Q: 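Structure provided below as structure tokens; questions to follow.
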Amino acid sequence: MTTIVLIPGAMHGPWVFEPLLAALSERGATAVTVDLPSISDDTATIGSLTDDVDAIRSAVARVEGPVVLAAHSYGGVPARAAAATDSVRGLVMIAAFALPVGVSLLDAQGGEFPPDYERSADGRGVKIGDIAETIYSGVAPAVVEKALPRVQWQSVESFTQPAPAAPGPDVTITTIIATEDKALPADQQRQWAESSDARVAVASGHSPHVSHPDAVADAILDTVRRVEATTR
């Protein structure tokens, strides 16, 4: 049986996948989540991109059998590196950054943090500005209201470290393009998706796993089916 490993985007923990986990469970899928060390309330001990890659690899190592990673936004960066692990057979990019090896997230943003980013007192963490409008555009207001207090710091180091690796040729990649995304332009998502094995457009903002969990679950399970068809 294939296990789905869910990887959150910047500033978010596994809690953000609650709607998607419910949708996957209804479809009989097995899914687990990963806590990324680069996301924390405590910037004194906050981790890096390298730590995130290690955390994903550790999660994969605890799973028996093939794995499909499903990563949102920033989570796509460490997920692509961790996809080099032998048991990872598939990768679903959910409105995610598919950075070329050697390019950092900060590079992709023009080399400096936007002026509306909040910086922690020690300078080691950041929070994206206007999260309700950028990350949660199109999400029900009541859901956004519950989510905002749970948002944490994202380490500066995770933005400045270059993407260390890319998936190998045997990894089946699906890109979910959020067509109404206000955080990561849909045109950029489409450009990165050109090398994917499958592309799925969802009429959502940057968090389709929250606003459209059924569509995202279906795309993930389609990837699982394609992976299992090639490994029989």
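These values consider heavy atoms only, across backbone and side chains, with no hydrogens, waters or symmetry-generated copies. Nothing here was measured: the structure is a model prediction, and the numbers come from that model.
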Q: According to a 4.5 Å side-chain heavy-atom criterion applied to Ile, Leu, Val, Met, Phe, Trp and Tyr, with indirect links allowed, do Leu148 and Val126 form part of one hydrophobic cluster?
A: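 Both belong to a single hydrophobic cluster.
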Q: Measure across Val16 and Val210 and return the closest heavy-atom pair with its distance rounded to 0.1 Å.
A: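 Here Val16 and Val210 meet closest at O-CG2, 3.8 Å.
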Q: Look up atom OG1 in Thr2 and atom CZ in Arg226, then write down how far apart they are to the nearest 0.5 Å.
A: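 Thr2 OG1 to Arg226 CZ: 12.0 Å, rounded to 0.5 Å.
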Q: Using the side-chain hydrogen bond (donor to acceptor under 3.5 Å, both in side chains) criterion, which residues pair with Lys182? Sequence neighbours excluded.
A: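 Applying side-chain hydrogen bond (donor to acceptor under 3.5 Å, both in side chains) to Lys182 gives Glu133.
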Q: Does Gln109 reach the main-chain N or O of Pro114 with its side chain, forming a donor-acceptor pair under 3.5 Å?
A: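 Judged by distance alone, no pair lies under 3.5 Å.
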Q: Cluster question for you: counting only ILVMFWY and a side-chain heavy-atom cut-off of under 4.5 Å, with indirect links fine, are Val32 and Leu221 together?
A: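 Both belong to a single hydrophobic cluster.
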Q: Where do Asp181 and Leu184 come nearest, in terms of heavy atoms and distance?
A: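 Heavy-atom minimum between the residues: OD1-N, 3.0 Å.
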Q: Excluding sequence neighbours, so at least two apart, what forms side-chain hydrogen bond (donor to acceptor under 3.5 Å, both in side chains) with Thr134?
A: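 Partners of Thr134 under the side-chain hydrogen bond (donor to acceptor under 3.5 Å, both in side chains) test: none.
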Q: Checking Ile56 against Leu36 for the side chain to side chain contact (heavy atoms under 4.5 Å, CB included) test, could you report, in this order, the C-alpha distance in whole Å, the side-chain angles of both residues, the deciding distance, and whether it holds?
A: CA-CA 8 Å; Ile56 297 169; Leu36 296 181; 4.1 Å; yes
Q: Is Ile46 reachable from Ile128 through a run of hydrophobic residues whose side-chain heavy atoms are each under 4.5 Å from the next?
A: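 Not linked; separate clusters.
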Q: Rounded to the nearest 0.5 Å, what's the gap from CD1 on Ile177 to CE on Met93? Could you check?
A: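 Spacing of CD1 (Ile177) from CE (Met93) equals 11.5 Å.
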Q: Identify the heavy atoms of Ala31 and Leu24 that sit nearest to each other, and give their distance.
A: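 Smallest interatomic distance, heavy atoms only, reads CB-CD1, 3.9 Å.
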Q: Applying the side chain to side chain contact (heavy atoms under 4.5 Å, CB included) criterion to Leu69, which one of Val34, Val60, Val92, Ile4 satisfies it?
A: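 Looking at Val34, Val60, Val92, Ile4, the match for Leu69 under the side chain to side chain contact (heavy atoms under 4.5 Å, CB included) is Val60.
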Q: Can you sort out the partners of Arg57 under salt bridge (Lys or Arg N to Asp or Glu O under 4.0 Å), two or more places apart, ordered by chain and number?
A: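 Scan of Arg57 (salt bridge (Lys or Arg N to Asp or Glu O under 4.0 Å), adjacent residues dropped) gives none.
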Q: side-chain hydrogen bond (donor to acceptor under 3.5 Å, both in side chains) with Thr3: which residues, sequence neighbours excluded?
A: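 side-chain hydrogen bond (donor to acceptor under 3.5 Å, both in side chains) list for Thr3, sorted by chain: empty.
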Q: Is there a path of hydrophobic side-chain contacts, each under 4.5 Å between heavy atoms, that joins Val88 and Leu99?
A: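 Linked within one cluster.
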Q: When you look at Ser73 and His206, which way does the side-chain hydrogen bond (donor to acceptor under 3.5 Å, both in side chains) test go after all the steps?
A: CA-CA 8 Å; Ser73 193; His206 190 58; 2.8 Å; yes
Q: Looking at every heavy atom in both Asp35 and Pro14, which two are closest together, and how far apart are they?
A: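 Closest approach of Asp35 to Pro14, heavy atoms only: OD1-CD, 2.9 Å.
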Q: I need the full list of side-chain hydrogen bond (donor to acceptor under 3.5 Å, both in side chains) pairs touching residues 6-25, with sequence neighbours left out, sorted by first then second residue.
A: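 As it turns out, the side-chain hydrogen bond (donor to acceptor under 3.5 Å, both in side chains) pairs with a partner in residues 6-25, which skip direct neighbours, are His12-Tyr136.
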Q: Taking only residues two or more places apart in sequence or in another chain, which ones pass salt bridge (Lys or Arg N to Asp or Glu O under 4.0 Å) with Asp197?
A: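 Residues passing salt bridge (Lys or Arg N to Asp or Glu O under 4.0 Å) with Asp197: none at all.
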Q: Who pairs with Asp42 by salt bridge (Lys or Arg N to Asp or Glu O under 4.0 Å), at least two apart in sequence or on another chain?
A: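 Per chain and number, Asp42 pairs via salt bridge (Lys or Arg N to Asp or Glu O under 4.0 Å) with no residue.
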Q: Enumerate the salt bridge (Lys or Arg N to Asp or Glu O under 4.0 Å) contacts for residues 111-121, please, sequence neighbours excluded, ordered by first and then second residue.
A: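 Qualifying pairs: none.
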Q: Mind checking salt bridge (Lys or Arg N to Asp or Glu O under 4.0 Å) for Asp214 and listing every partner two or more places apart, or none if nothing turns up?
A: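 Here the qualifying residues are Arg27.
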Q: How would you list all residue pairs meeting ring pair (Phe, Tyr, Trp, His ring centres under 6.0 Å) that involve residues 155-180, not counting sequence neighbours?
A: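 The answer is Phe113-Phe159.
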Q: For atom CD of Glu145, is the number of surrounding heavy atoms from other residues, nucleotides or ligands below 6.0 Å larger than 12?
A: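 Atom CD in Glu145 is not crowded, with 12 or fewer foreign heavy atoms closer than 6.0 Å.
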Q: Rounded to the nearest 0.5 Å, how far apart are CG of Asp218 and CD1 of Ile220?
A: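 Taking CG in Asp218 and CD1 in Ile220, the distance rounds to 9.5 Å.
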Q: List the steps, then state whether side-chain hydrogen bond (donor to acceptor under 3.5 Å, both in side chains) holds for Thr223 with Thr174.
A: CA-CA 7 Å; Thr223 305; Thr174 297; 2.7 Å; yes
Q: How long is the straight-line distance from CD1 of Ile173 back to CZ of Arg199, given to the nearest 0.5 Å?
A: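 One gets 11.0 Å once the value is rounded to the nearest 0.5 Å.
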Q: Show me the pairs that pass ring pair (Phe, Tyr, Trp, His ring centres under 6.0 Å) and involve residues 75-109, at least two apart or across chains.
A: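 Sorted pair list: Phe97-Trp192.
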Q: Can you tell me how far CE of Met11 sits from CD of Gln154, rounded to the nearest 0.5 angstrom?
A: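 Reported to 0.5 Å precision, the distance equals 7.5 Å.
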Q: What pair of heavy atoms forms the shortest contact from Asp52 to Ser38, and how long is it?
A: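 Nearest pair, atom of Asp52 first, then Ser38: OD2-OG, 2.6 Å.
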Q: side-chain hydrogen bond (donor to acceptor under 3.5 Å, both in side chains) with Thr33: which residues, sequence neighbours excluded?
A: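 Not a single residue meets the side-chain hydrogen bond (donor to acceptor under 3.5 Å, both in side chains) criterion with Thr33.
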Q: To the nearest 0.5 angstrom, please state how far the CG atom of Leu49 sits from the OG atom of Ser155.
A: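 If I round to the nearest 0.5 Å, the distance is 8.0 Å.
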